[in-house]
J.: 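Got a structure here, written out as structure tokens. Questions coming.
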Amino acid sequence: QVQLVESGGGLAQAGDSLRLSCAASGRTASRRGMGWFRQAPGKEREFVAAISWSGGNTYYADSVKGRFTISRDNAKNTVSLQMNSLKPEDTAVYYCAAGPWATMEARAYTYWGQGTQVTVSS
């Protein structure tokens, strides 16, 4: 069993930066692929970024590539999402997820956090 708790969401203006964190607990928390997804009102949940358990492989949605950076600290069982150059279209609830491997497919992830709201104004 893995528990995930996100933090770091909030209000930002276009062009600002925010850093989301996801604290994972559980016996095998550090040995899992981790991902960030987001869901805007009226839209389906979409992939944002993912990182392999070693941190050696990262994946990004085209919409955030070059602006967002995913990283992890296995010693602390945390995964972070640094979000720069925020845009109003980044407004969504952001979810942390853990699964057997890093992938863009939401259905591959076994565990999900409760989500943290990010709101970007123009």
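Reckoned from all heavy atoms, side chains included, excluding hydrogens, waters and symmetry mates.
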J.: If you apply the rule side chain to side chain contact (heavy atoms under 4.5 Å, CB included), what do you find for Lys76 with Ser21, and how did you get there?
T.: CA-CA 11 Å; Lys76 298 181 179 179; Ser21 293; over 6 Å; no

J.: Any link between Leu4 and Trp101 through a network of hydrophobic side chains (Ile, Leu, Val, Met, Phe, Trp, Tyr) touching at under 4.5 Å?
T.: no

J.: For Ser17 and Asn84, work out which heavy atoms get closest and say how close.
T.: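 The answer is OG-OD1, 2.9 Å.
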
J.: Give the intermediate values and the outcome of side chain to side chain contact (heavy atoms under 4.5 Å, CB included) for residues Arg72 and Ser80.
T.: CA-CA 6 Å; Arg72 69 188 297 163; Ser80 298; over 6 Å; no

J.: Within 45° of the six-membered ring axis of Trp112 and under 6.0 Å from that ring's centre, is NZ or CZ of Arg45 located there?
T.: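 So Arg45 does make the cation-pi contact.
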
J.: Might you work through the side chain to side chain contact (heavy atoms under 4.5 Å, CB included) test for Val79 and Trp36, ending with a clear yes or no?
T.: CA-CA 9 Å; Val79 176; Trp36 285 96; 3.6 Å; yes

J.: How many angstroms lie between NZ in Lys43 and OG1 in Thr91, if you round to the nearest 0.5 Å?
T.: 10.0 Å

J.: Sub-3.5 Å donor-acceptor pair from the side chain of Glu44 to the main-chain atoms of Gln39, do we have one?
T.: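 No: the side chain of Glu44 does not pair with the backbone of Gln39.
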
J.: Stepwise, does the side chain to side chain contact (heavy atoms under 4.5 Å, CB included) test hold for Ile51 with Tyr60?
T.: CA-CA 9 Å; Ile51 188 167; Tyr60 296 94; over 6 Å; no

J.: Output the distance between atom CD1 (Ile70) and atom CE (Met83), rounded to the nearest 0.5 Å.
T.: 12.0 Å

J.: Could you report the tightest heavy-atom contact between Gly35 and Tyr109, atom names first, then the distance?
T.: N-CE2, 3.6 Å

J.: Provide the closest heavy-atom pair for Met104 versus Phe47 in the form atom of the first, atom of the second, distance.
T.: CG-CE2, 3.3 Å

J.: Under a 3.5 Å distance rule, please check whether Glu6 uses its side chain to pair with a backbone N or O of Thr116 as donor and acceptor.
T.: no

J.: Calculate, to the nearest 0.5 Å, the distance between atoms NZ and OG belonging to Lys87 and Ser122 respectively.
T.: 13.5 Å

J.: Counting N and O atoms only, with roles assigned by atom type, does the side chain of Asn74 sit under 3.5 Å from a partner on the main chain of Trp53, one being a donor and the other an acceptor?
T.: yes

J.: Identify whether Val48 and Leu20 are in the same connected component of the hydrophobic contact network (ILVMFWY, side-chain heavy atoms under 4.5 Å).
T.: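 Yes, Val48 and Leu20 fall within the same hydrophobic cluster.
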
J.: Kindly give the heavy-atom pair with the smallest separation between Met34 and Cys22, and that separation in Å.
T.: CE-SG, 4.2 Å

J.: Which atom pair, heavy atoms only, marks the closest approach of Pro88 to Ser121?
T.: CG-C, 4.4 Å

J.: Under 3.5 Å, is there a donor on one side chain and an acceptor on the other for Thr119 and Gln117?
T.: yes

J.: Which atoms form the tightest heavy-atom contact between Ala12 and Leu86, and what is the distance?
T.: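 Minimum heavy-atom contact is CB-CD1, 4.0 Å.
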
J.: Is there a path of hydrophobic side-chain contacts, each under 4.5 Å between heavy atoms, that joins Phe37 and Val2?
T.: no

J.: Going by atom type alone, with no hydrogens or angles, which donor-acceptor pairs under 3.5 Å involve a side-chain atom of residues 92-100 and a protein atom two or more places apart or on another chain?
T.:
residue: Tyr94; atom: OH; partner: Arg38; partner atom: NH1; Å: 2.9
residue: Tyr94; atom: OH; partner: Asp90; partner atom: O; Å: 2.6

J.: If we only count heavy atoms from C-beta on, is the Asp16 to Leu18 side-chain gap below 4.5 Å?
T.: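 In short, these two side chains do not touch, never coming nearer than 4.5 Å.
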
J.: Arg19 versus Ser71: any side-chain heavy-atom pair under 4.5 Å?
T.: yes

J.: Which distance, rounded to the nearest 0.5 Å, do you find between the CZ of Arg67 and the OG of Ser85?
T.: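 Reported to 0.5 Å precision, the distance equals 7.0 Å.
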
